[in-house]
There are 2 protein chains.
Amino acid sequence: MTSTGPDGQRRRRARRGQGGELRERIVDTAATLLAESGDEQAVSIRSVADAVGVTPPSLYLHFPDKSALLRAVVERLFSDLERDVARSQAGSGGPVERVLALARAYLAFGLGSPGRYKVLYEGRVLPALDLPDGGVPGRALIEAAAGDLQEAVQGGQHLPAGDARATTILLWQLLHGAVSLRINKPGFPWRDAWADVGPAVRTLVGVPGQG
Amino acid sequence: MTSTGPDGQRRRRARRGQGGELRERIVDTAATLLAESGDEQAVSIRSVADAVGVTPPSLYLHFPDKSALLRAVVERLFSDLERDVARSQAGSGGPVERVLALARAYLAFGLGSPGRYKVLYEGRVLPALDLPDGGVPGRALIEAAAGDLQEAVQGGQHLPAGDARATTILLWQLLHGAVSLRINKPGFPWRDAWADVGPAVRTLVGVPGQG
DNA sequence: ACCTGAACACCGTTCAAGT
DNA sequence: ACCTGAACACCGTTCAAGT
């Protein structure tokens with residue numbers, strides 16, 4: 001998704017993986033394989049090694065095991081999500097508009113690359129990782145939205161479902177449900193995601209109406 | 001979950017798997033392994049065969065491949081879900097109460113056995129299976145809820161989020177989001193699921209208030 | 001008709017060995 | 001310091017062979 005082309009050659013000489021460069025290539029390649037395949041376990045140590053042009057044991061010089069590799073990939077993918085959200089929020093009027101932009105970006109991110117979304121929110125790697133109390137990857141997004149809504153409340157905005165935080169969590173559950181079910185039950189006759197949940201989202205943040 | 005004890009012996013003589021009896025034992029065992037492990041792929045052909053007391057190739061006499069086995073398991077698990085829901089609805093007053101009971105039962109089913117829920121709603125087996133137009137396993141539940149809400153509407157009930165069907169789908173997305181995030185992000189400081197989404201659910205079905 | 005033993009091509013991971 | 005070849009214990013699946 002970042003720098004490696006179809007052929008991994010067009011890079012600075014690459015004197016056989018020096019100075020963490022190989023590590024970067026591994027994460028790049030794994031992230032790409034993941035987004036393409038859409039399956040956490042189609043990304044095998046061996047397939048990544050193959051695509052990078054190296055033997056499997058080499059990966060173990062940079063990652064203790066496969067979970068560690070996937071965690072590194074996940075961190076990169078969460079950065080992508082945060083970047084997408086920030087972009088979609090650029091030039092938003094007020095805090096409520098920022099939250100609405102976040103909601104749309106979240107849906108677009110998830111539905112745009114189901115494999116990527118599944119690793120981040122339904123993968124087997126993360127539940128093990130986020131035991132350290134509340135240190136859930138991607139939590140920054142939640143806190144940012146809660147902050148925006150809090151600001152809106154202080155500006156006089158009414159939230160029908162409770163305080164800023166409760167509303168954010170409710171939003172998250174609804175948005176995740178919309179993405180996750182569409183990904184996992186593709187045979188169901190879904191309507192457009194935003195047409196479906198948009199009105200409810202708007203109601204939750206206190207600005208009912210269409211758009 | 002059904003009949004096989006820790007030792008598979010206490011069954012009718014079992015003259016070496018005759019008349020589809022072995023098939024039943026395989027599905028039983030796989031379902032149990034799944035609920036215990038909570039991981040779709042901890043259930044391996046070999047581990048199931050072992051637990052049943054037979055060699056791996058024997059399973060292929062009853063199922064063309066692993067997906068087919070898991071599909072059979074999934075059908076059984078959906079029956080379990082429908083049974084749980086029906087029980088929780090027993091003696092419900094009106095159609096709205098039936099939907100509220102369904103919502104609570106859905107949350108309890110999902111949070112009560114995360115591994116089971118993940119196979120049904122996030123597994124890799126089903127998306128491939130439910131391509132036949134709308135023939136999603138578990139859809140019966142949705143249609144039943146939509147029917148109940150439709151009945152409520154005809155009885156004069158007002159649904160603030162749209163018609164009976166749209167409301168049902170919205171409910172589903174919210175409930176799934178509540179279950180799925182709690183399962184997949186256990187490190188997050190979640191509140192009790194019903195306390196969290198209950199008020200929104202009640203609002204959606206047109207009976208705001210607590211309970 | 002039902003079940004097995006042995007094999008195939010995969011997988012993650014380890015480790016002695018090479019430069 | 002970095003990378004490899006060979007091996008280990010797994011996996012799903014196939015197939016000839018046994019009763």
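Below, chains carry the letters A, B, ... as their sequence lines are ordered, and counting in each starts from 1.
Remark: C1' of D:dT19 and CG of B:L61 are 14 Å apart, rounded to the nearest angstrom. The CG-P distance, from A:D50 to D:dT4, rounds to 11 Å in whole Å. We find that CD1 of A:I45 is positioned 15 Å from P of D:dC3, with the value rounded to whole Å. For B:I26 and D:dG12, the CD1 to P distance is 13 Å, given to the nearest whole Å. One interatomic measurement links the two molecules: CG of A:L69 to P of C:dC11, which rounds to 14 Å at whole-angstrom precision. Atom CZ of B:R46 is separated from atom C1' of C:dG5 by 12 Å (rounded to the nearest Å). Between the NZ atom of B:K66 and the P atom of C:dA9 there is a distance of 21 Å, rounded to whole Å. The OH-P distance, from A:Y60 to D:dC2, rounds to 19 Å in whole Å.
When distances run from any side-chain atom of B:P57 to the nucleotides C:dT13, C:dT4, D:dC3, the shortest one goes to C:dT4. Taking every side-chain heavy atom of A:L22 into account, D:dC3 is the closest of D:dT4, C:dC3, D:dC3.
Base pairing analysis places C:dA16 opposite D:dT4; the two distances defining the Watson-Crick or G-U wobble pair are each below 3.5 Å. C:dC11 makes up no base pair with any nucleotide shown, lacking Watson-Crick or G-U wobble contacts both under 3.5 Å.
Contact check, A:S58 against D:dC3: no side-chain N or O comes under 4.0 Å of OP1 or OP2.
By the 4.5 Å heavy-atom criterion applied to side chains, A:R76 and A:E24 are counted as neighbours.
Across all strands shown, A:S44 has heavy atoms under 4.0 Å from sugar-phosphate atoms exclusively, and none from any base.
When only modelled atom types and interatomic distance are considered, A:D163 and A:Q150 share no side-chain donor-acceptor pair under 3.5 Å. Judged by distance alone, the side chains of A:Q173 and B:R182 do bring a donor and an acceptor atom under 3.5 Å apart.
Atom CZ of A:F78 is separated from atom CG of A:L120 by 4.5 Å, given to the nearest 0.5 angstrom.
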